[in-house]
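Numbering of ligands and ligand atoms starts at 1, following listing order. Below, all heavy atoms of this structure are taken into account, side chains as well, without hydrogens, waters or symmetry copies.
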Amino acid sequence: MAKRSFAILAVVVILATMVAACKPAPKALKVAILAPLSGDVATFGASTRDGALLAIEEWNAKGGVLGRKIEAVVEDSQCEAEPAASAANKVISQDQVKFIIGEVCSKASIPVSEIATANKVLQISPTSTNPKVTVDEAGNAKPTVFRACFIDPFQGTVAATFALKELNAKTAAVLLDQGNDYVRGLAEFFRDAFEKGGGKVVVWETYTAGDTDFTAILTKVKDANPDVLYLPDYYSTVNVIAAQANQMGIKAVKMGGDGWDSPQLDKAATAGGYFTNHYSSEDTRPVVQEFVKKYQAKYGSVPDALAALAYDAANILFMAIQQAGADDPVKVAQTMEKGTFSVVSGDITFDAQHNPKKCAVILEVSPDKVSYKSTVCP
Ligand code: PHE
């Protein structure tokens, strides 16, 4: 009898163990990465994806978030409004994603933010700097939309102040693509700050995305002979304008914003110029150097600002989900509003408009390298 019950007990124990072993692992937590992986600014997308994936890999190695593995859903949203909106709709409806890291470009992040808001999905853009990304028409913060970078009123002011104080510039020419929220915004914020500081914008000319011949507007720059030529566009367009300006003998110091940050920036054409950016890989703080080392070991290249901020955006998101204790985007957003998040680009807290307070760096371009010049804090 005793033998038999022992046998039954043994069978029960074995069965129970088998059932426990078959119990499905907790469902993976899906996170979308929306970035331009093709087109004119594809280096932005590659860096953003790689930075975010590095963070995901590290969290998964520690057991994931809320005990669940993180699974990335990567979409090529092209830094354009329409493809970004379709990518956002796709990841929300098909993949049932509740968290989006992206987009890179403001022009694409603005429509994504509307979709995220309507679906109560949490969006954190690593690098979209236009104010409208996180704020609606009435000036209120979109409840579940955040960013990991500073905004363009600050970036434009830092550039204008540098031009006035460090370069002793009195006059500037500004060339802009009016159809791009980021470019137009940054151009206006630069102009306002430059004129407020006593400078004069002597040329203000627009062009259209895809233009390849800038001679007509550059002729106006040549005639006005300004101290600074401000080009607040992405590297692909800046490369073309800068080369043509040089050919025409324009001597103004070229300046720009974070859009210049690319291994494909034409350093020969923009040499002697400066741009504002989010981070420098030459920053000696241990947290920066540790990140540079890990990124370089995995990908074989030095991380640019896009990689650093995507890494930060992903880490802020996972810390907030972990602290919220649930994968509910509204709860996670409330946690983000209240918390402090220590990441590569600093200790981040969000203001009422869901923008972090952060310093900017100024980088100097020479024919063979881009080097750190200075840091400006708000
Ligand atoms: N700030 C740019 C935008 O809002 C995107 C960008 C960030 C590009 C950083 C390059 C580097 O559109």
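Looking at atom 4 (O) of ligand 1, its nearest protein heavy atom turns out to be S106 OG, 2.5 Å. Residue, atom and distance of the protein heavy atom nearest to atom 12 (O) of ligand 1 are Y234 OH, 2.6 Å. From the protein, the heavy atom lying nearest to atom 7 (C) of ligand 1 is D258 OD2, 3.2 Å.
Considering CG of D304 and CG of D261, their distance stands at 4.5 Å, rounded to 0.5 Å. T237 contributes atom OG1, which lies 6.5 Å from atom CG of D40 (distance to the nearest 0.5 angstrom).
Near F44, the atoms of ligand 1 lying under 4.0 angstrom from a non-hydrogen atom of the residue are 8 (C), 10 (C). Within ligand 1, counting atoms from 1 as listed, the ones closer than 4.0 Å to a heavy atom of S128 are 4 (O).
Using modelled atom types, no side-chain atom of K107 and backbone atom of C79 make a donor-acceptor pair closer than 3.5 Å.
Geometrically, ligand 1 and D152 share no nitrogen or oxygen pair separated by less than 3.5 Å.
Follow the hydrophobic side-chain contacts under 4.5 Å out from V376 and you never reach I151; the two are in separate clusters.
Contact record, L54 with K298: CD1-CD, 3.7 Å, taken as the closest heavy-atom pair. Considering every non-hydrogen atom in both S128 and S109, the closest pair reads OG-OG, 2.8 Å.
Open room surrounds CD on E82; 12 or fewer heavy atoms of other groups in view lie less than 6.0 Å from it.
The shortest heavy-atom distance from Y235 to ligand 1 is not under 4.0 Å. Heavy atoms of G259 come nearer than 4.0 angstrom to ligand 1 in at least one pair.
At a 4.0 Å heavy-atom cut-off, ligand 1 does not touch V41 at all.
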